[in-house]
Number of protein chains: 2
Amino acid sequence: MDTKTKLISAAEQLFDRHGFTATGMDKLIKAAGMSSRTLYKHAGSKTALITEVLKERHRRFQPHIEVGSVDALFDALEEWIRSESARGCLFLRAYGETGGDIPAITEAVLAHKARLYDKIQDIVAIETDGQAMPELAEQILILYEGATAAAIYRGPEAVVSAHKAASALLQQARS
Amino acid sequence: MDTKTKLISAAEQLFDRHGFTATGMDKLIKAAGMSSRTLYKHAGSKTALITEVLKERHRRFQPHIEVGSVDALFDALEEWIRSESARGCLFLRAYGETGGDIPAITEAVLAHKARLYDKIQDIVAIETDGQAMPELAEQILILYEGATAAAIYRGPEAVVSAHKAASALLQQARS
DNA sequence: AGTAGTGTAAAACGATCATTTTACATCGTC
DNA sequence: GACGATGTAAAATGATCGTTTTACACTACT
């Protein structure tokens with residue numbers, strides 16, 4: 001594992017576990033097992049590091065979004081939450097912690113959400129032969145976000161409930 | 001407006017706008033218009049201040065939860081998000097920023113969510129004459145959380161979509 | 001053999017963090 | 001008219017913040 005990969009994955013873990021602002025560079029340095037000089041050579045700054053962590057997170061999460069059905073979408077989310085974490089959406093957390101004041105971070109967050117919504121629109125169009133109202137895609141998106149948030153305090157079962165609700169709405173749109 | 005009320009409401013605003021960790025005590029002092037000595041006399045510590053802000057937030061939000069129908073629940077959420085903020089759930093944000101490591105904060109967050117879920121269970125029981133599966137209440141909760149999260153980047157219209165989805169699920173459970 | 005690249009360890013930078021302290025002013029109340 | 005409560009202004013606390021710097025070691029290529 002090369003230096004930059006090690007840095008980004010250590011940073012992702014710490015940011016997810018303790019928050020962005022609360023995670024100091026000294027903690028990052030220790031966790032990544034490198035000197036501060038090396039860290040800054042690769043990351044540039046803390047803001048840039050956060051941005052790169054989000055972009056890497058998106059890359060890693062991508063396969064869980066790029067699926068062909070609502071069932072696969074929620075199955076993938078359930079798998080992610082069971083194996084990775086149930087600490088809420090890291091993108092929205094980054095946005096909240098920075099107040100939307102740092103353009104690079106805001107951009108990474110909005111790009112991720114735009115891709116998620118686009119994909120859900122595609123899936124819904126396919127599953128309903130384009131007959132569903134545009135509202136349905138937003139409702140599936142909301143169930144997706146809601147499952148991610150509710151899983152924080154209700155556990156991965158929340159994703160199962162959301163999955164069933166999404167299936168019901170889809171079934172209703174088809175008839 | 002007495003000193004403590006002024007402090008808590010200034011703190012709530014700053015925490016919501018810029019995040020908890022990123023908001024320094026100097027900013028709080030200026031925004032609340034008081035000396036650091038007075039602030040600490042009333043708040044005790046930053047952690048205690050965050051806890052009190054969350055408790056006050058819950059008190060202020062309470063009327064939006066304590067309603068008699070799913071319709072009223074989502075109408076109240078829509079009104080809150082349109083008039084207050086669309087920055088996500090302040091409780092979950094506090095939990096995320098502190099990593100769940102500060103017991104007083106974690107407790108305030110979980111108490112709020114427990115109250116929300118309890119109330120939704122009550123509402124669902126009333127609206128379905130107790131005939132709905134226990135899952136339905138969790139699904140309404142998920143739509144509620146999802147609307148709050150999605151409103152950050154899709155605006156208050158997300159609440160309208162969630163409202164319609166909740167009505168549809170409820171209608172389906174009744175038939 | 002020499003050099004560019006990539007790394008480490010550790011100190012230092014000034015700024016900012018949450019918190020405490022010192023010294024003083026303004027109250028309403030007994 | 002003294003007193004306790006409640007406030008202000010401002011300096012000082014020591015720790016921690018993100019970042020830069022100085023000095024040195026290892027490795028790979030020409």
Side-chain angles (χ1 to χ4, degrees), chain A residues 1-55 93-106 108, chain B residues 1-55 93-106 108:
Chain A
M1 192 145 84
D2 74 335
T3 310
K4 187 147 187 180
T5 308
K6 201 164 56 173
L7 168 58
I8 302 253
S9 90
E12 186 181 347
Q13 261 203 79
L14 285 181
F15 288 151
D16 184 47
R17 177 65 184 79
H18 301 288
F20 296 89
T21 314
T23 300
M25 297 310 263
D26 56 332
K27 308 254 179 67
L28 258 341
I29 285 160
K30 267 178 199 159
M34 63 186 55
S35 65
S36 67
R37 203 176 199 279
T38 303
L39 186 150
Y40 274 92
K41 183 159 290 185
H42 285 91
S45 68
K46 190 182 184 183
T47 293
L49 178 58
I50 293 175
T51 308
E52 289 197 68
V53 164
L54 291 180
K55 286 180 178 169
R93 288 171 60 196
Y95 186 82
E97 281 205 36
T98 56
D101 293 331
I102 294 159
I105 294 176
T106 302
Chain B
M1 193 144 83
D2 74 333
T3 310
K4 188 149 188 181
T5 307
K6 203 163 57 172
L7 167 59
I8 302 251
S9 90
E12 187 182 347
Q13 260 203 78
L14 284 181
F15 288 152
D16 184 47
R17 176 65 184 81
H18 302 288
F20 296 89
T21 315
T23 300
M25 297 309 262
D26 55 333
K27 307 256 179 66
L28 258 342
I29 285 159
K30 268 177 198 161
M34 62 185 56
S35 67
S36 67
R37 203 176 200 275
T38 303
L39 187 149
Y40 274 92
K41 183 159 289 184
H42 285 92
S45 69
K46 191 182 183 181
T47 293
L49 178 58
I50 293 175
T51 307
E52 289 197 67
V53 163
L54 291 179
K55 286 180 178 169
R93 288 171 60 197
Y95 186 82
E97 280 204 39
T98 57
D101 293 328
I102 295 159
I105 293 176
T106 302

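Predicted, not measured: the structure shown is a model, and the values here were computed from it. Keep in mind that the numbers below use all heavy atoms, side chains included, and drop hydrogens, waters and symmetry copies. Below, read A as the first sequence line, B as the second, and so on, with proteins coming before strands; counting in each chain starts at 1.
Atom CG of Leu39(A) and atom P of dC17(D) are 14 Å apart (whole Å). Summarising the geometry, the separation between NZ on Lys41(A) and P on dA4(C) is reported as 14 Å, rounded to the nearest angstrom. The NZ atom of Lys4(A) sits 17 Å away from the P atom of dG5(C) (whole-angstrom rounding). Note: CG (Leu7(A)) to C1' (dT6(C)) measures 15 Å, nearest angstrom. Straight-line distance from the NZ atom of Lys6(B) to the C1' atom of dG7(D): 10 Å, rounded to whole Å.
Listed nucleotides dT8(C), dG7(C), dT8(D) differ in distance to Met34(A); the shortest reach to its side chain belongs to dT8(C).
Atom CD1 of residue Ile102(A) and atom OH of residue Tyr95(A) lie 12.0 Å apart, to the nearest 0.5 angstrom. Between atom CZ of residue Arg93(A) and atom OG1 of residue Thr98(A) there is a gap of 12.5 Å, rounded to the nearest 0.5 Å. Between atom OG1 of residue Thr47(A) and atom CG of residue Asp101(A) there is a gap of 11.0 Å, rounded to the nearest 0.5 Å. Between the NZ atom of Lys4(B) and the CG atom of Leu49(B) there is a distance of 9.0 Å, given to the nearest 0.5 Å.
With a 4.5 Å cut-off on side-chain heavy atoms, Phe15(B) and Leu28(B) count as touching.
Across every non-hydrogen atom of Leu54(B) and Ala94(B), the tightest pair is CD1-CB, 3.9 Å. Nearest heavy-atom pair across Met25(B) and Lys46(B) is SD-CG, 3.8 Å.
Glu52(A) places no side-chain N or O within donor-acceptor distance of the main-chain N or O of Ile8(A), the cut-off being under 3.5 Å.
At dG7(C), none of the side-chain N or O atoms of Ser35(A) fall inside 4.0 Å of OP1 or OP2 (strictly under the cut-off). Dashed line: the shortest gap from a side-chain N or O of His42(A) to OP1 or OP2 of dG7(C) is under 4.0 Å.
Scanning for side chain to side chain donor-acceptor pair (under 3.5 Å) contacts around Glu12(A) gives Arg57(A), Arg60(A), with sequence neighbours left out.
Across its full length, the helix from dT19(C)-dA12(D) to dC30(C)-dG1(D) shows an angle of 10° between the axes of its 5 terminal pairs at either end, rounded to 10 degrees.
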Tell me, for nucleotides 17-23 of chain C in 5' to 3' order, what letter each nucleotide earns: B for a base near a protein heavy atom under 4.0 Å, S for only sugar-phosphate near one, - for neither? SSBBBBB
